[in-house]
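Okay, handing you the structure first.
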Amino acid sequence: MELNVEGVLKALQNVLEPEIKKDIVNLGLVTNTAVKGTKISFNLYVNNPALHNKNRMRDACLFALERNFGKDIETDINVLPNPKNPDNIDSRKILPGVKHVIAIASGKGGVGKSTVSVNIATGLAQRGYKVGLLDADIYGPSAPLMMDLLHDKPQPIVVGDKQFIEPITSHGVKVLSIGFFAEVNQAIVWRGPMASKALNQMFTDAYWGELDYMIIDLPPGTGDIHLSLVQAAPLSGAVVVTTPQDVSLADARKGINMFQIESINVPILGLVENMSWFTPAELPENKYFIFGKDGGKQLAQELDIPLLAQLPLIQSIRESGDAGRPAILQDDSVSKKELDKMIDNLELAVNKL
């Protein structure tokens, strides 16, 4: 194959758009192709603007070119949003119509990840956004309790000629959880492949409609569910939740590293340090650093990622979650002020993507 524009386009016909499953040349996603000596340049348009997808598409093109023209070539691949799809979301097979898909993760359990998830989702809805909350914590789903949906069951909905699961709306948020499909006290005992399949079904078999934000509450740690998520969902970024103590920070670091693996490469939108201090009501000027001081703040500085919030240990946050009414709905409370700051910082981080 000759190294010219015609040859380059022929080589790139071996690269498929991952969701439409057609080659990128015939889809019109390759433009301004030029060859000067051994240097190849072109624009590559993508339907999914998530960073990990851009990198995968660029790598696939580079592999196809090197396979046909050798490793001595130079490439200048300019990856751009698809101009024929201004929102870059409508042509997806997974979560079409969802602008920003954000995973909330933690290295270990018990750090308040689900509490952060439901308050972010509810707080964004309060600000007028269209929001969905997917409780992907397969083995410990808590969204039904925290969103006051403990005894609710999703119903089928027909859209076009296909039947979907309709998420349940609570506090202005569309919610779907594996907890809806089990009895309240029933243990969910699934092997990894079964859990991953269930997660994919909540993406593909649910009708989410148009959303500004999809918040995904992941299970703690790193494993099959996390890999399934990054392979299936067009993630915009991830938020990692930790407490200030060393054992939590060590696991949070592992969670951050997982998202930064080259084959995953999901942007870290920020770190949330939960249970940062405790202030008793009778001593409002005092702060007790029960789990250590500024551990999350220092980790964020070390890894050069935004610190979205340092949330105090407040009884009302726990009580609100147990009552099915997220703390951010409490007007003029200390917890609401801190949670609002967190959402302010998250919005800024998303706007920088």
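Everything numeric here is computed off the predicted structure, so don't read it as measured data. Sequential numbering from 1 along the given sequence is applied to the chain's residues.
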- Item | Sequence neighbours excluded, every pair satisfying salt bridge (charged side-chain N to carboxylate O under 4.0 Å, His left out) that has a member inside residues 29-47 | none
- Task: Please report the C-alpha distance between I256 and L271 in whole Å, then the side-chain angles of each, then the deciding distance to 0.1 Å, and finally whether the side chain to side chain contact (heavy atoms under 4.5 Å, CB included) criterion is met.
- Result: CA-CA 9 Å; I256 292 169; L271 187 75; 4.2 Å; yes
- Any donor and acceptor pair, going by atom type alone, linking the side chain of K153 with main-chain N or O of F180 inside 3.5 Å? yes
- Query: About how many Å separate CG of N78 and OH of Y45, when rounded to the nearest 0.5 Å?
  - Reply: 7.5 Å
- Query: So among V30, L65, V25, which one has a side chain to side chain contact (heavy atoms under 4.5 Å, CB included) with V8?
  - Reply: L65
- Query: In Å, rounded to the nearest 0.5 Å, how long is the span from CD1 of I290 to OG1 of T243?
  - Reply: 11.5 Å
- Query: Around atom CD of E6, are there more than 12 heavy atoms of other residues, nucleotides or ligands at under 6.0 Å?
  - Reply: no
- With sequence neighbours left out, what residues match K352 under salt bridge (Lys or Arg N to Asp or Glu O under 4.0 Å)? none
- Note on the structure: CE (M214) and CG (L134) are apart, to the nearest 0.5 Å, by 5.5 Å
- Note on the structure: For residues 109-135, the ring pair (Phe, Tyr, Trp, His ring centres under 6.0 Å) pairs (sequence neighbours left out) are Y129-Y213
- What's the spacing between L299 CG and D294 CG if we round to 0.5 Å? 12.0 Å
- Taking E347 as the fixed residue, which of V350, D344, N345 is the one that meets the side chain to side chain contact (heavy atoms under 4.5 Å, CB included) rule? D344
- Separation between CZ (F69) and CD1 (I40), nearest 0.5 Å, reads 5.5 Å
- Item | Candidate pair N43 and T31, rule side chain to side chain contact (heavy atoms under 4.5 Å, CB included), full reasoning | CA-CA 5 Å; N43 291 336; T31 65; 3.3 Å; yes
- Message: If you count heavy atoms of other groups shown closer than 6.0 angstrom to CD of E285, is the number above 12?
- Response: no
- Check: Q13 and L9 side chains under 4.5 Å, non-hydrogen atoms: no
- Considering residues, nucleotides and ligands other than D304, do more than 12 of their heavy atoms fall under 6.0 Å from its CG? no
- Message: Has N119 got a side-chain atom pairing as donor or acceptor with A327's backbone, closer than 3.5 angstrom?
- Response: yes
- Query: What residues form a salt bridge (Lys or Arg N to Asp or Glu O under 4.0 Å) with R67, not counting sequence neighbours?
  - Reply: none
- Message: Has D152 got a side-chain atom pairing as donor or acceptor with P144's backbone, closer than 3.5 angstrom?
- Response: no
- Task: Check step by step if side-chain hydrogen bond (donor to acceptor under 3.5 Å, both in side chains) holds for D72 and T38.
- Result: CA-CA 7 Å; D72 294 332; T38 58; over 6 Å; no
- Message: Whether the side chain of D340 engages the backbone of K337 through a donor-acceptor N/O pair (distance < 3.5 Å, no angle test) should be reported.
- Response: no
- Message: Membership question, hydrophobic clusters at under 4.5 Å side-chain separation (ILVMFWY): are L308 and M275 in the same one?
- Response: no
- Task: Is it possible for you to say whether F278 and L311 belong to one hydrophobic cluster, with membership spreading through side-chain heavy-atom contacts below 4.5 Å?
- Result: no
- K174 side chain to W208 backbone, donor-acceptor under 3.5 Å: yes
- Would you call D217-K113 a salt bridge at under 4.0 Å N-O? yes
- Query: How many angstroms lie between atom CD1 of I77 and atom CE of M57, to the nearest 0.5 angstrom?
  - Reply: 10.0 Å
- Task: For the pair T279 (side chain) and N286 (backbone), establish whether a donor and an acceptor sit closer than 3.5 Å, ignoring hydrogens and angles.
- Result: yes
- Task: Please assess Q330 against E319 for the test side chain to side chain contact (heavy atoms under 4.5 Å, CB included), listing each intermediate value before the final yes or no.
- Result: CA-CA 11 Å; Q330 299 176 3; E319 292 174 339; over 6 Å; no
- Among R127, K99, K130, find the residue that satisfies the salt bridge (Lys or Arg N to Asp or Glu O under 4.0 Å) test when tested with D212. K99
- Item | Those residues that, when tested against F164, pass ring pair (Phe, Tyr, Trp, His ring centres under 6.0 Å) (two or more places apart) | Y207
- Task: Using a strict cut-off of less than 4.0 Å between a Lys/Arg side-chain nitrogen and an Asp/Glu carboxylate oxygen, indicate whether R56 and D59 qualify as a salt bridge.
- Result: no
- Message: Are more than 12 heavy atoms, taken from residues, nucleotides or ligands other than Q301, located less than 6.0 Å from that residue's CD atom?
- Response: yes
- May I have the step-by-step check of side chain to side chain contact (heavy atoms under 4.5 Å, CB included) for I120 and V272, ending in yes or no? CA-CA 11 Å; I120 286 177; V272 174; 5.6 Å; no
- Task: Return each pair, listed once, that meets side chain to side chain donor-acceptor pair (under 3.5 Å) where at least one residue sits in residues 155-171; pairs must be two or more places apart or across chains.
- Result: none
- Message: Taking I157 as the starting point, is it possible to reach L149 by hopping between hydrophobic residues whose side chains are less than 4.5 Å apart?
- Response: no
- Message: Side chains of L329 and S320, heavy atoms from C-beta outward: is any pair under 4.5 Å?
- Response: no
